[in-house]
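For ligands, and for the atoms within them, numbers begin at 1 and follow the listed sequence.
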Amino acid sequence: MENVLRLAVQKSGRLSDDSLKLIRECGISFTQAVGKLKSEAYNFPLEFLFLRDDDIPQYVAEGIADIGIVGENVLLETGENVQLVEKLGFSKCRLAIAVPRDFGYESVEDLQEMSIATSYPRILQSFLDKHQIQAHIHEISGSVEIAPSIGLANAICDIVSSGSTLMSNGLKEVELVFKSEAILIAHPQLSEAKTQTLNQLQFRIQSVNRANNNKYILMNVPNESIPKIIDILPGMKSPTVVPLAMSGWSSLHSVVQEDEFWKIIEQLRQAGAQGILVVPIEKMIL
Ligand code: PRT
Ligand code: ZN
């Protein structure tokens with residue numbers, strides 16, 4: 001079928017579970033047989049190719065896969081010509097430079113003439129060029145964090161998430177090079193039929209991600225406090241206000257972003273809101 005999109009996802013690793021979870025949350029059903037390289041969806045024009053993450057940008061650039069889910073760090077490092085369709089909000093991490101904890105690091109100038117071990121030589125080189133630093137890049141494919149302790153390099157440039165790997169190897173983070181998250185990429189010249197399927201998929205992904213980032217909130221409010229509460233609720237111009245059986249009180253319904261919710265909860269209580277309920281949203285269509 002000419003409208004079937006072939007999606008490249010990581011076979012097994014940090015991106016795999018969240019990538020497949022997102023596809024399932026989009027209402028797309030499939031089975032993944034152990035050890036199999038390919039699979040197809042039952043109820044959406046989508047096929048899967050399970051690959052190593054490093055190969056995904058090239059497969060998509062060459063059109064062997066139409067779309068792919070990969071870390072932005074991997075795309076940038078490979079430099080392949082693909083289209084960035086959507087940031088997906090999971091597998092967030094950063095590429096950072098770290099030095100031994102007792103190194104008296106003051107500024108990026110301290111990297112001058114250093115030897116830096118990394119699996120991301122291209123991204124590191126462009127960071128060094130931007131800051132006019134001459135350093136020696138030592139490319140290694142794994143266990144970058146042990147390079148300083150075995151005398152292979154003075155510093156490293158590696159992916160950091162919680163920071164505990166750096167800490168347990170006696171290193172400290174000194175420069176942020178690049179912030180990354182999982183992204184959906186596409187071949188730059190998809191056919192009309194495949195572009196339509198991609199638009200449908202992207203619409204579903206956006207609805208799922210929006211829902212995951214927002215909560216439905218309900219609270220009981222004395223009528224005289226309604227204007228104050230509406231002021232506190234970010235971005236909502238007209239929340240739903242429903243009268244309660246008890247006179248002088250209303251139930252107020254609104255949608256708030258989860259990270260904002262924790263900032264405003266205390267203000268809502270102080271303004272007189274009671275019985276606050278926070279409910280997950282399954283899909284959110286704008
Ligand atoms: O086998 P394959 O080649 O497919 O997988 P891989 O081993 O190359 O990649 P994988 O599965 O480890 O990571 C896939 C993607 O997840 C990366 O390209 C990043 O976009 C993203 N990601 C998110 C991470 C991390 N978080 C992460 N913490 N990738 C790697 N790490 C490693 C990092 O290299 C370091 O060793 O975890 C360690 C640091 O973690 P903290 O939490 O101790 O700071
Ligand atoms: Zn890899």
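Here the side chains of His187 and Lys194 are not in contact, with every heavy-atom distance at 4.5 Å or above. Leu166 is listed as a side-chain neighbour of Ile156, based on a closest heavy-atom distance under 4.5 Å. Put simply, the side chain of Glu175 reaches to within 4.5 Å of the side chain of Val108, judged on heavy atoms. With a 4.5 Å cut-off on side-chain heavy atoms, Phe127 and Ile133 do not count as touching. Contact of the Lys36 side chain with the Phe50 side chain is not registered, since no non-hydrogen atoms from C-beta on lie closer than 4.5 Å. For the pair Arg52 and Gln10, the minimum side-chain heavy-atom distance is 4.5 Å or more.
Numbered from 1 in the order shown, with element, the atoms of ligand 1 that lie under 4.0 Å from a heavy atom of Gly163 read 41 (P), 42 (O), 44 (O). For ligand 1, the atoms lying closer than 4.0 Å to a non-hydrogen atom of Val74 are 18 (O). Every atom of ligand 1 is numbered from 1 in the order shown, and the set under 4.0 Å from a heavy atom of Val160 is 44 (O). Close approach of ligand 1 to Gly13 (heavy-atom distance below 4.0 Å) involves ligand atoms 11 (O). Within ligand 1, counting atoms from 1 as listed, the ones closer than 4.0 Å to a heavy atom of Gly71 are 20 (O). The Ser162 neighbourhood of ligand 1 comprises atoms 41 (P), 42 (O), 43 (O), 44 (O), with distances under 4.0 Å to a heavy atom of that residue.
Under 4.0 angstrom from ligand 1, the non-hydrogen atoms of Gln10 all belong to its side chain. The side chain of Asp158, and not its backbone, has at least one atom closer than 4.0 Å to an atom of ligand 1 (non-hydrogen atoms only; side chain from C-beta on).
In this structure, atom 7 (O) of ligand 1 is not in close contact with the protein, since no protein heavy atom lies within 4.0 Å of it.
For atom 23 (C) of ligand 1, the candidate residues are Cys93, Gly142, Ser161, Ser168; the nearest heavy-atom contact is made by Cys93. Across Ile159, Leu166, Ile183, Leu51, heavy-atom proximity to atom 35 (C) of ligand 1 is greatest for Ile159.
Of the protein's non-hydrogen atoms, the one nearest atom 18 (O) of ligand 1 is Asn73 ND2, 3.0 Å. Of the protein's non-hydrogen atoms, the one nearest atom 13 (O) of ligand 1 is Arg14 CB, 3.7 Å. Here the heavy atom of the protein found nearest to atom 1 (O) of ligand 1 is Arg52 NE, 3.7 Å.
Note on Val82: it does not cluster hydrophobically with Leu190, by side-chain heavy-atom contacts below 4.5 Å among ILVMFWY residues. Hydrophobic clustering of Ile, Leu, Val, Met, Phe, Trp and Tyr side chains at less than 4.5 Å, counting indirect connections, keeps Leu20 apart from Val74. Tracing side-chain contacts under 4.5 Å through hydrophobic residues (I, L, V, M, F, W, Y), one never reaches Ile56 starting from Phe48; they form parts of separate clusters.
Inclusion of Asp53 in the set of residues having an N or O under 3.5 Å from an N or O of ligand 1 is warranted. Between Thr165 and ligand 1, at least one N/O pair is under 3.5 Å apart.
Restricting Asp53 to its N, O or S atoms, the one at the least distance from the Zn ion (ligand 2) is OD1. Looking at Asp54 and the Zn ion (ligand 2) together, the shortest N, O or S contact belongs to OD1.
Under the 4.0 Å criterion applied to side-chain N and carboxylate O atoms, Arg269 and Glu266 are assigned as salt-bridge partners.
No option in Ile205, Leu286, Val255 other than Leu286 meets the side chain to side chain contact (heavy atoms under 4.5 Å, CB included) test with Arg210.
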